[in-house]
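In what follows, a structure is listed as structure tokens, so that the remarks can point back to it.
Convention: sequence-line order gives letters A, B, ...; per-chain numbering from 1. Remember, it's a predicted structure, so these values are computed and weren't measured experimentally.
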Amino acid sequence: MDLRTTFLSWPVVRQLTGDDPLGRGRAAQSAHTAALVPRTSTADRVVDSVCPYCAVGCGQKVYVKDERVIQIEGDPSSPVSRGRLCPKGSASEQLVNSPGRATRVRYRKPFATDWQDLDLETAVDMIVERIVDTRKRTWQDIDANGHKTRRTLGIASLGGATLDNEENYLIKKLFTALGAIQVENQARI
Amino acid sequence: MAECHPVGFQWVMEAKARGAKVIHIDPRFTRTSAVADSYVPIRAGSDIAFLGGIVKYILDNDKYFKDYVVAYTNASFLVGEGFVDSEDLGGLFSGYDEEKGSYDMSSWAYDGVDEEPAGGAGHHLGSGGPSLDPSNIKRDETLQHPRTVFQVLKRHYARYTPEMVEEICGVPPELFHEVCEAVTANSGRERTTCWVYSVGWTHHSVGVQYIRGSAIIQLLLGNMGRPGGGILALRGHASIQGSTDIPTLFNILPGYLPMPKAGDPDTFDDYLDTIRTPEQKGFWAEAESYVVSLLKAWWGDAATKGNDWCFDYLPRITGDHGTYQTAIDMNDDKVEGYFLLGQNPAVGSAHGKLQRLGMSHLKWLVVRDLNMIESATFWKDGPEIATGELKTEEIGTEVFFLPAAAHTEKSGSFTQTQRMLQWHHKAVDPPGDCTSELEFFFLLGKKLKERLADSVLERDLPLQRLTWDYSVDEKGEPSAADVLREINGRHLSGDKSGQPLSAYTEMKPDGSTAGGCWIYTGVYADDVNQAARRKPGQEQDWVATEWGWAWPANRRQLYNRASADPDGKPWSERKAYLSWDADQGKWVGPDVPDFVVDKPPSYRPPKGAAGADGLAGDDPFIMQADGKGWLYAPSGLLDGPMPVHYEPHESPVRNALHPQQASPTREVYKRQDNLSNPSGDDPGSDVFPYVFTTYRLTEHHTAGGMSRWLPYLSELQPEFFCEVSPEHARERGLEHLGWATIITARSAIEARVLVTERVVPLTMGGRTIHQVGLPYHWGVGADAVVSGDSANDLFGLTLDPNVHIQESKAASCDIQPGRRPTGPALLRLVEEYRSRAGITVETGNTLKTVKP
Amino acid sequence: MTYDPATASGWVDAPARKGFFTDTSVCIGCKACEVACKEWNAVPDDGMSFLGSSYDNTGALGASTWRHVAFIEQKKPVDLGMPSTARPGADGDGRADFRWLMESDVCKHCTHAACLDVCPTGSLFRTEFGTVVVQDEICNGCGYCVPACPFGVIDRRIGEKDTPKVGVAQKCTLCYDRIGEGLEPACAKACPTKSIQFGDLDELRERAQSRVDVLHAAGVHDAKLYGESEGDGVGGMGAFFLLLDEPEVYGLPPDPVVTTKDLPAMWKKAGLAALTLLAGAVAAFAGSGS
Amino acid sequence: MSPRGRRRDEFQMVPDAHFTSYYGRPVVKAAPWTADIPAYLFLGGLAGGSSLLAAGAQATGRDSLRRTSRLGALVGISLSMAALVHDLGKPARFANMLRVAKPTSPMSVGTWVLTAYGPMAGLAGVAELRPFLPRSLRDGAVGRLLGAAGTPAGALAALAAPAVASYTAVLLSDTATPSWHEAHRELPFVFVGSAAAAAGGLGLLGASLHDAGPARRLAVGGALLELAAEHRMEQSMGLAAEPLRAGTPGRFMRASKALTAFGAVTAAVLGGRSRVAAGLAGAALMAGSACTRFGVFEAGQESARDPKYTVVPQRERLNARLGS
């Protein structure tokens, strides 16, 4: 580095030569500070989203850099929320990036005392087998009164209020085709 | 509202700044109360008395909006002669069957409609209410006939005096009067009042009747269908509205079509008859089109007229298969496999112990969540492990934990609390093994179809023939937009074959249309994802109809025909919304009319006209079988045509109005694992002298799955606490920041003590009632940033018969200073309380308490 | 002419001074400001301690809390039209008045900022917006700014080695990076009820005064501004407040004065003392011969 | 008097005083400083005073006093700098202190003063080590340079020394810490008195009876100044004087007064005659000086932790201004 430049950028020198003799403002600003920009402005893209917490449905803007969410904040265009977010909505970035978030499939064998690893594909295959077995064992063509039921009461599901409509649609559609009727969600709770 | 929906509350603050008066009625002084003009502390579980008192005030003082009431409600309809009010039967309506614990509703019908409607009630209905042929109903528009709904209502609420309100609710008469004045003064032609509620009203054994109570007030005051009016349900999950519209609920199919129930006969036509009668008014009359389109969407070409559109592929229900019944069935080893999809019942459902024990009976459990929630780890760190009720090595449940994708990692739509669908776009790929439910269920369906492709069993046909061919991207993820297109529906034949439907009115019963959820039809109109519209609010008028898409038909306010008078003119300039433009021959206004757009106010249906044609030009309640707002529900509700004050299932208070203590139709479960505290003045009720209620805090989200794992939210409310008044603290020796143990017949939990003047001891009937407030966000586990005992462990299971929702906003308890015992000693403490109170499985579970 | 701290600190053609107006009369205590601030500025959590100070478990501003929402439960004579209520059955006469105050506290960005004055490294500096900002990579953690602040705002961050910016003084930057690009600070943007308003200080002061007028007209005589006056001990605050009670109720100093106001006098005394010492030393040798 | 009655809510944990606060929490923050800082105050004062004594001793040919004082200054300033750096949150960034020169910052001013003083005092101190160097070094260029540099360095150090001894008072007073700020009128005199007493005490300890006269006089004078100034300070501080009398700081201050008075009297009466008495007096004065620094430091910290000391005077001031 040019020694002269280095010397001239020494804040003491800038104090003596500039408009900030007391060294409390411009003279004290570092090069790093002067170069600051909000990380939102260097995002690769901004994606329209909706807050995943309550049902007010606040608009969110999701800022992505290097395929990672770097910031989530309110969408000022939303006529619902006008860019504002509550503490939970404001914590959305931590929700998706939290180090405590579970990102690996875990499997607990019957009677086991701890989790073990399992790959996703195997897990889905095993779940398929469980469904087929349980359905076979618990299938009910008719009820005690001889009325047609064509169902299983052996498989139940709970959840959906935090899920997308499209997801719920597939859940209801698949379970209904399987004859599983105990499909429920938070709306009952 | 400020507490749980802070951003929505900006509009309340905005209204307040413009002079609106905000009244907060709640057992608990919340952040809403802090900025409200008035706060009304009320005993948890007593709201119907309060609402009934307002109804009485309105009727006694002629404060109702007469023109509106006569034209738009069933006030003038005559109730049949067989009807006997609860006032005359000690708290029971006519038709009560003690054996079944339910009503025969035929005596509640209008005069002229002489039989019980075919539709039944409660969970057997979709949202259309019961079908009904309105053509013969007798009416008296002077409202003077003693059997008019108006007069019936007046008599029904005659005893709901301010003094009675005070005795039941603990609200002083002057404060109650202030509310009555404010609500009525702010209603009428020039002004409207809005009621806002949340689960504080639904979590009761009479929850539906709570809402009905406010509906009666709003109809009497002319506040329905008008700007600034209405009853706003503030829902607590991003798409809990959507998960009801496209239900993951046992009793309905998409669009509130009922699930078929087993029975004889059980044909497609029988099924249709339960939804609609061909003679009825309104859009439910077209239900056949909606059902056929749904079946076509699901089974495609396999669904033909000849096979009743595969109607038989639908499984049948035989009663309550709700989540609580299911949890009980788990305990009885009737359920083998359980999917938890973003849900944490070990903490978030009532009677946590029953939930966790139930799960320990499963053969297999699939938990899909963002975090390692307590429902996934109950087998190793649940409270029952600590008490010795469960041993990890003895729990045979096989558990699959599958990490889920977050909202930023998938595209899809949420339906928010005002029925508006909003699309969120995928921003990044999910990390690690995380997958969306869409991807998981798509994959599961594909694999199941492959697995059973060669099956020749009849039961596998619905799966084999299920349409399941959504387009996938290069990573194999199915297209959510494709699914939304299917939900929207399309033409299957004719010129427009393959094109999306633009409105549910295009649906046909002849198999020429398909559509997965009729009320969502239009969301993909013009092959455009209308839910993804984001025209900035600043560039639109205040209704902002070009942001997202609201069902049905992008209407932002339901029943908005009622915003104009019977002649189609706004009730007032100040409250103008929709009006009839005679020159254009249509309804105009900032919103999509919730009415046949070109039907003039003067239209009167010809005799025998049904469906939409059967609606008169002044029938604003277009989904009701008679086109009117119901002050009195002649059918459809299992627990009565009008709300009656009953005490909660567990209450330290005797019902001041009726010998009938609690709802005679509430669903009780007499089981050793679901014991109840003695209630009212039953022996032993003094062992549980306090009321407790549960709620949320701004800083957390429900059972904590999306908040207790986040340091930023956890640090704001790190510990489970109970809120008690200084007086109560003195009475029980509770110390601020110390510990308290709260005990019911089910369990005992511990909480830090927050002594606060925000909790108000209530004086009622000369007696002081203390209430304990409990936020329910914490659970016992090892993975969250913060954990603690779960308030929901205190509740037992008692349900509203209409919707099978648990009573978890009011119950009785004891509270003692200090921490609870641990290990088996905890069970002994609960046992000691049970024996002191003399609790058996029968305790508190007698439905009829009126003595003959 | 108004004293402009940016111009006085060497900024030529400085933009209008920016600040916060926090109107506690519309605060609902949701703490969105606390979280939004932490998210944007990557401020670590400040510990999981249950303080039970009403709903405040944050306690105070500090190195890892740049916005702090105070909650005050109090009995108070009722003001007409105010958020207040009867509390039946509480007292002998059956009624007492009660209210719940909430206030989102933040760095005041003083016109005369002691933290900035005493900073020996120039880490704390006055920006062109008139705000006071810590330059993390400059600060050596001397900690002098901490006792200098008359509001107890700034603090040195403590924590494990891997804690970001540990050992360095930290406080609100008024989102220096954001406002540089015309964005609102994170807290103000999130605030659901716009209790926190960001903008040009002059305009905010006008807005605040008219809000006070409105409240006074509505009978809320307690409403008063705190920190808006240039005549106060810190020359006016860049972040000022509308309060409904005395400042100390919210944990704010009632009459803060920038400590450096007395600095010239202190230097004089120190000089005199130094001379005294010198004279004493000379005297100690004088007269003793060699 | 107090603006408002005391909070009586049973769960409000407000200390026993008539004022309002937020749950009894501090309004201002206590400095995040540990014992490093009072130690620095003491050692800096000791060094400053010693440099003055050393220069005088040099000028008047009191070798043992010169040697003791120069070495005292060297050790004092070295340890004090070590304490200062140790107390930083980011010690590696100590040099950033030289980025700016800020008259508004006593610490910045102090840094520049120390920058001038430290090397000189150090050089003078190291010069005293010349006799202990190996012969080759002692007689080599380095040794000769040291020998030559000692005197001018010592003189320059002595010029800066009064500032070193007094600026630390401003360092403390230029804060919002009530018991520091309110002391700002007298604290410089307390601190220079304390410095003189400590340096004189060291001289009494280390120098021969023959050489120690000026040290004795400086010590006695410093002690008297310290005691008088401290007394006056407590009178002028109002409520903020309270922490100086209570608890840990109170104990320090009482010890300081006793030790200083004892040291001064002993030095004055017996210091010129008995080596033991001189040593005892010197040690007492040094200990007294250290107690003063710790006492003042801790009193300030206490005053910051209790909102009373911030709120009550401000409220009184405000009420007086508002005429209520």
Side-chain angles (χ1 to χ4, degrees), chain A residues 47-50 52-58 62 64 67 69 77 79 81 84 86 91 94 96 100 102-106 108 110-111 113 120 123 128 130 134 143 147 149-151 154-170 174 177 179 181-185 187-188, chain B residues 5-8 235-238 240 242-244 246 248 250 262 315-316 321 323 326 335-339 341-343 364 372 392 396 398-399 401 403 406-408 412-414 416-417 422 424-425 427 431-433 437-438 441 445 447 462-463 466 480 483 536-537 544 547 709-710 712-713:
Chain A
V47 180
D48 287 333
S49 194
V50 180
Y53 285 94
C54 86
V56 168
C58 299
V62 180
V64 179
E67 295 309 313
V69 173
S77 297
S81 58
R84 309 171 192 184
C86 77
Q94 195 170 58
V96 301
T103 57
R104 290 288 161 205
V105 172
R106 306 292 279 154
R108 187 245 178 189
F111 310 108
T113 56
L120 181 61
V128 165
R130 303 298 178 272
T134 291
D143 68 6
H147 297 141
T149 52
R150 56 166 313 127
R151 69 185 183 191
I155 301 171
S157 168
L158 180 64
T162 58
L163 309 182
D164 297 338
N165 291 315
E166 296 73 21
E167 298 179 320
N168 281 325
Y169 181 76
L170 291 196
L174 181 63
I181 56 173
Q182 293 141 299
V183 179
E184 288 275 286
N185 81 73
R188 183 87 62 205
Chain B
H5 305 86
V7 182
R235 312 205 66 180
H237 296 65
I240 193 160
S243 66
T244 322
I246 296 178
T248 41
F250 83 89
R316 293 339 193 221
H321 306 287
T323 183
T326 301
V335 182
E336 293 190 358
Y338 195 23
F339 286 85
L341 312 169
Q343 194 81 30
W364 51 275
M372 188 59 88
T392 300
E398 182 182 33
V399 187
F401 179 84
H407 71 300
T408 49
S413 63
F414 289 141
Q416 53 85 274
T417 197
Q422 299 185 100
H424 59 90
H425 299 264
D433 294 336
E437 307 312 300
L438 197 76
F441 275 92
K447 284 181 180 272
L463 182 68
L466 192 70
V483 178
W547 180 277
W709 272 258
L710 275 56
Y712 285 169
L713 295 176

Aromatic ring pairing Phe441(B)/Phe339(B), orientation class (parallel under 30°, perpendicular over 60°, tilted between) =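 Answer is tilted, since the angle falls between 30° and 60°.
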
Among the listed options [options], the residue most often paired with chain A at heavy-atom distances under 4.5 Å:
{"options": "Gly537(B), Ser243(B), Gly236(B)", "value": "Ser243(B)"}
{"options": "Gly445(B), Gly432(B), Ala427(B)", "value": "Ala427(B)"}
{"options": "Thr248(B), Leu341(B), Ile240(B)", "value": "Thr248(B)"}
{"options": "His5(B), Met372(B), Arg235(B), Gln343(B)", "value": "Gln343(B)"}
{"options": "Val399(B), Thr326(B), Val483(B)", "value": "Val399(B)"}

So, the side chain of Gln422(B) versus the backbone of Gly57(A): is there a donor-acceptor pair under 3.5 Å, distance only?
-> yes

For the pair Glu167(A) (side chain) and Leu438(B) (backbone), establish whether a donor and an acceptor sit closer than 3.5 Å, ignoring hydrogens and angles.
-> yes

Which value, rounded to the nearest 0.5 Å, describes the distance between [X] atom [atom1] and [Y] atom [atom2]?
{"X": "Ser413(B)", "Y": "Ile246(B)", "atom1": "OG", "atom2": "CD1", "answer": "7.0 Å"}
{"X": "Cys58(A)", "Y": "Tyr53(A)", "atom1": "SG", "atom2": "OH", "answer": "12.5 Å"}
{"X": "His237(B)", "Y": "Thr417(B)", "atom1": "NE2", "atom2": "OG1", "answer": "12.0 Å"}
{"X": "Leu170(A)", "Y": "Leu466(B)", "atom1": "CG", "atom2": "CG", "answer": "9.5 Å"}

Electrostatic pair Glu398(B)-Arg130(A), nearest N-O below 4.0 angstrom |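 A salt bridge links Glu398(B) with Arg130(A).
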
Answer with side chain, backbone, both or neither: which region of Leu710(B) has an atom nearer than 4.5 Å to a non-hydrogen atom of chain A?
-> both

For Trp547(B), is it the side chain, the backbone, both, or neither that has a heavy atom closer than 4.5 Å to a heavy atom of chain A?
-> side chain

Top residue by heavy-atom pair count (under 4.5 Å) with chain B, among Gly159(A), Ala187(A), Ala161(A), Pro110(A)?
-> Ala161(A)

Ranked by heavy-atom pairs below 4.5 Å to chain B, first place among Val69(A), Val62(A), Val96(A) goes to Val96(A)

Part of [X] lying under 4.5 Å from any heavy atom of chain B:
{"X": "Val47(A)", "answer": "side chain"}
{"X": "Val50(A)", "answer": "both"}
{"X": "Val105(A)", "answer": "both"}
{"X": "Asp143(A)", "answer": "side chain"}

